[in-house]
Peer 1: 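One structure, as structure tokens, below. Some questions next.
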Protein chains: 2
Amino acid sequence: VNEEEIQSVLARVIERIRPEAEEVAAIWQVADRLIAAVTASGAAEPMVVGSVARSTFVRGDRDLDLFMLFPPNIPREALEEQGLGLARSLADQFGGSYQEKYAEHPYINTTIDGIDVDLVPCYKVASATAIQSAVDRTPFHTRYVIARIGNLADDVLLLKQFAKACGVYGSDQMTEGFAGYLCELLVLHYGGFLQVLAAAAGWRSRTVIDLEQHAIKTFDEPLVVVDPVDPNRNVSASVSLSRMFEFVEMARGFLEHPGEEFFIIPDPESISREALSAALEVRGTCLCAVTFATPPFIEDVVVPQLRRSLEGTCHLLERSGFMVNRADACMGEEQCLLLFELLAPSVAHVRRHIGPPLSSQENAEKFQKKYSDPSLSITGPYIEDGRYVVEVLRQFTTPETLLGSDLLLSVSHGKHVRRSLKKGWQVRLGGDCWSEEFAEFFNKFMNASSPLVRLLKRGAGRGQD
Amino acid sequence: VNEEEIQSVLARVIERIRPEAEEVAAIWQVADRLIAAVTASGAAEPMVVGSVARSTFVRGDRDLDLFMLFPPNIPREALEEQGLGLARSLADQFGGSYQEKYAEHPYINTTIDGIDVDLVPCYKVASATAIQSAVDRTPFHTRYVIARIGNLADDVLLLKQFAKACGVYGSDQMTEGFAGYLCELLVLHYGGFLQVLAAAAGWRSRTVIDLEQHAIKTFDEPLVVVDPVDPNRNVSASVSLSRMFEFVEMARGFLEHPGEEFFIIPDPESISREALSAALEVRGTCLCAVTFATPPFIEDVVVPQLRRSLEGTCHLLERSGFMVNRADACMGEEQCLLLFELLAPSVAHVRRHIGPPLSSQENAEKFQKKYSDPSLSITGPYIEDGRYVVEVLRQFTTPETLLGSDLLLSVSHGKHVRRSLKKGWQVRLGGDCWSEEFAEFFNKFMNASSPLVRLLKRGAGRGQD
């Protein structure tokens with residue numbers, strides 16, 4: 001691959017994604033007004049954090065994070081009260097309507113001059129290891145990156161855009177991908193965008209990156225990037241094994257066949273009800289959907305609970321004789337969806353039940369006596385390989401009767417999901433699973449589509465020419 | 001349990017199974033004539049072996065084994081020629097028609113005065129460890145038992161009859177059970193019929209019985225009874241784990257609830273085509289039969305080959321997505337049968353195919369390139385848990401198309417079974433699997449019936465009153 005060719009691709013991308021001067025100026029105009037107002041209040045010290053502060057935001061991402069640093073000795077309640085009070089007054093003064101939001105702590109979100117602004121109270125602590133809440137760490141991240149980013153800001157933009165186009169950008173629970181700060185650290189560590197890709201092409205699970213060589217524990221996650229401001233923290237704890245290796249494969253793919261398409265975020269595609277039915281016909285599988293009202297909480301709270309329900313329900317299905325080909329969950333505005341693709345629409349009524357080894361006389365006798373009752377077994381107890389075996393009849397021979405029963409509540413669910421399920425749920429099969437709300441999700445599910453598949457399938461796979 | 005009650009049961013059984021004086025006299029009359037004739041020939045030394053020699057034959061089992069012991073220095077061919085010549089002349093002289101049969105070596109089977117007689121040439125070797133063929137060992141077994149059986153002959157009769165009624169008597173490949181000599185050794189070792197049952201009730205897998213305390217190796221079989229005349233041989237090598245524990249459970253059952261029914265050999269039962277279909281309806285399973293012409297060899301040769309084919313075909317079915325609930329094989333006069341009960345009549349067209357881990361870059365790339373060809377995969381390659389996954393379409397979605405294809409020949413078969421299969425085979429489903437030839441076998445298969453089940457199910461299991 002031609003170095004010049006790569007550089008020309010990157011130059012064209014940078015041209016497209018680097019924020020325009022007017023955009024930067026407009027954001028900083030808002031920022032400067034807020035900084036002045038917080039300073040004037042005398043209550044807290046203002047600080048712009050995030051990608052705006054570090055000049056690493058991608059064109060169009062007009063998000064301004066203004067932190068208000070309060071003395072660490074005031075009580076938590078006072079911080080929230082004074083902090084939110086100050087934030088509200090700023091919003092009243094400069095913005096329009098505002099919303100109170102919650103991460104670990106409450107903050108105010110508003111829009112000022114068309115720019116999305118978060119006004120976040122935090123403690124001004126002496127070091128990132130002395131934080132009282134996760135938000136207290138953010139100023140340290142900002143200072144660390146600003147002090148080192150030098151002329152690598154464009155490389156961070158490229159990496160963020162690449163990760164977005166690959167579908168691996170974002171540390172939220174749904175994405176399980178790469179946070180902006182993680183992209184910055186990778187660029188700092190490897191020294192540039194292409195250097196990150198070259199290194200990633202060789203990553204293995206349990207790759208450890210420790211910029212300050214100060215880790216004081218070992219981490220279990222597939223990718224470990226020790227936070228330079230906190231040796232106890234893995235910045236890439238959110239990155240799942242799948243997202244990590246999607247990134248790895250995209251890196252390999254780009255280095256072999258560089259192209260601008262690796263930086264283009266695809267438009268989401270939907271599948272129609274008819275196309276869904278047709279695809280199921282070809283696959284010969286049985287699609288089964290459980291839907292219920294979405295609990296009134298944010299994605300990062302609900303999505304992990306959906307994953308837990310999904311796993312528990314998969315076990316219930318497999319224990320009950322239904323082989324799960326694939327499963328996934330989706331949190332919509334109105335409804336949540338647990339989706340299972342099963343290898344068969346029903347299962348044999350009969351089921352083998354293996355008893356204790358006969359060498360264990362007492363247990364064998366108990367088993368033999370119990371199952372000699374013809375109401376409990378249809379054949380046996382007979383002996384196979386030194387154990388008693390009986391055949392019994394299953395209670396449920398179809399997934400819809402199983403998942404429609406109270407057994408669904410017997411699996412492990414998160415608190416909010418359980419509460420919502422208790423109010424009722426629907427079970428649907430095949431094409432009837434489809435609904436407008438999940439048309440994009442169904443498309444992704446049925447085609448196992450991802451930016452990775454799309455990009456690497458161009459032609460007949462990379463590296464063949 | 002009352003000791004008197006047990007003794008009265010056993011007394012009634014013995015009365016029924018002990019050979020009558022006239023029966024014994026008639027057999028020995030034939031034996032004496034043969035002994036005289038062999039002695040007169042001067043070529044070999046005659047010896048009555050087997051249960052007649054040991055007075056341990058059950059009433060009605062009129063089988064006489066007459067061995068002709070030749071000097072060990074004559075060549076094998078001469079032994080066969082002279083031995084068969086002598087045997088034929090004896091058959092001509094005393095019996096009617098005769099048949100040449102083969103175990104490890106040829107012998108003559110005929111009927112003399114209504115008694116089934118085997119005339120078997122063997123070598124008269126100095127010790128059972130110096131044998132040239134398995135038959136040479138038999139005289140040593142006979143001498144060993146005769147010298148020790150004393151007043152335990154009735155106990156051997158009881159044990160043989162008990163084992164027959166339990167369906168575990170016979171060391172042939174179909175039964176995988178207890179040989180007559182093994183029954184004799186167990187009675188000698190434990191000192192009586194009830195003592196054998198009491199000991200068996202506590203048997204575990206890898207129980208070792210060594211009457212002469214002279215084993216010179218360890219054995220792998222579930223039950224080990226070291227041959228007192230050959231420390232290298234396990235007399236119970238033929239006993240499968242299932243047969244062993246069926247015997248154990250029957251022993252436990254009899255000791256708890258003694259009764260004559262433990263000594264009554266049940267009449268075989270058949271199932272009709274209609275009853276078979278009805279049972280399948282209840283079970284909700286898919287019965288699938290492969291039949292082909294029975295190879296022209298004895299059971300002990302063909303049955304192990306059928307087992308091998310059964311195992312290989314089960315793997316083929318499961319590899320291909322068909323879950324096997326139960327499987328068994330049967331050798332009929334005309335046809336052999338491989339029978340599979342499947343949990344579903346078809347399988348989804350789609351199948352996941354898991355690729356190499358992505359950390360292994362070269363393999364991952366090969367996989368990704370290969371399966372990016374849309375003719376090879378219907379979804380993917382996508383990434384799951386650090387590996388590439390694709391979904392492909394199966395070639396066969398029903399068991400009848402799979403087993404009707406040449407893939408059936410690709411599994412491991414014995415020589416004779418393979419030769420027969422190559423001439424053609426039939427695949428049938430559900431009630432159509434039924435045929436008169438296998439009506440008893442189907443009954444056993446569908447009801448998982450065995451003497452054990454029948455006996456222990458009396459009432460609602462033993463030990464409840």
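In what follows, chains are A, B, ... by sequence order, proteins preceding strands, each numbered from 1. The shown structure was predicted, so the numbers you read here are calculated from the model rather than taken from an experiment.
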Peer 1: When rounded to the nearest 0.5 angstrom, what distance separates CG in B:Leu358 from CD in A:Glu249?
Peer 2: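 If we round to the nearest 0.5 Å, B:Leu358:CG and A:Glu249:CD are 5.0 Å apart.
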Peer 1: If we define contacts as heavy-atom pairs under 4.5 Å, which of B:Val389, B:Thr397, B:Asp385, B:Val282 has the most with chain A?
Peer 2: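 Answer, by heavy-atom pair count under 4.5 Å with chain A: B:Asp385.
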Peer 1: Which region of B:Arg387, side chain (C-beta onward) or backbone (N, CA, C, O), has a non-hydrogen atom less than 4.5 Å from a non-hydrogen atom of chain A, or is it both or neither?
Peer 2: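 Neither; nothing under 4.5 Å.
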Peer 1: Would you say that more than 12 heavy atoms from the other residues, nucleotides or ligands in this model lie under 6.0 Å from the CD of B:Glu269, or not?
Peer 2: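 Open.
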Peer 1: Does some side-chain heavy atom of A:Arg252 sit less than 4.5 Å from a side-chain heavy atom of B:Gln368?
Peer 2: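 Result no, sub-4.5 Å side-chain heavy-atom pair not found.
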Peer 1: For B:Glu318, I'd like to know if atom CD has over 12 heavy atoms of other residues, nucleotides or ligands within 6.0 Å.
Peer 2: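 Count over threshold, so yes.
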Peer 1: Can you pull out the residues in residues 197-207 of chain A with any heavy atom less than 4.5 Å from chain B?
Peer 2: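 Interface residues of residues 197-207 of chain A: A:Ala201, A:Trp203, A:Arg204.
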Peer 1: Within a 6.0 Å radius of atom CD on B:Gln395, are there more than 12 heavy atoms belonging to other residues, nucleotides or ligands?
Peer 2: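 No, because the 6.0 Å sphere around CD of B:Gln395 holds 12 heavy atoms or fewer from other groups.
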Peer 1: At a heavy-atom distance under 4.5 Å, which candidate from A:Gly284, A:Ser346, A:Ala344 has the highest pair count against chain B?
Peer 2: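 Among A:Gly284, A:Ser346, A:Ala344, the one with the most close pairs to chain B is A:Gly284.
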Peer 1: If I take atom CD1 from residue A:Ile383 and atom CZ from residue B:Arg243, how far apart are they, to the nearest 0.5 angstrom?
Peer 2: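 It is 9.0 Å, given to the nearest 0.5 Å.
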Peer 1: Does a sphere of radius 6.0 Å around CE in B:Met323 hold more than 12 heavy atoms from other residues, nucleotides or ligands, not counting ones at 6.0 Å or beyond?
Peer 2: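 No, because the 6.0 Å sphere around CE of B:Met323 holds 12 heavy atoms or fewer from other groups.
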Peer 1: If I measure from the heavy atoms of chain A, does B:Leu393 come under 4.5 Å with its side chain, its backbone, both, or neither?
Peer 2: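 For B:Leu393, the side chain is the part near chain A, not the backbone.
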Peer 1: With B:Glu391, which residues qualify under side-chain contact (heavy atoms from CB on, under 4.5 Å), at least two apart?
Peer 2: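 Once residues adjacent in sequence are excluded, the partners of B:Glu391 under the side-chain contact (heavy atoms from CB on, under 4.5 Å) criterion are A:Arg283, A:Asn325, A:Arg326, A:Glu341, B:Val350, B:Arg352, B:Ile378, B:Thr379, B:Tyr382.
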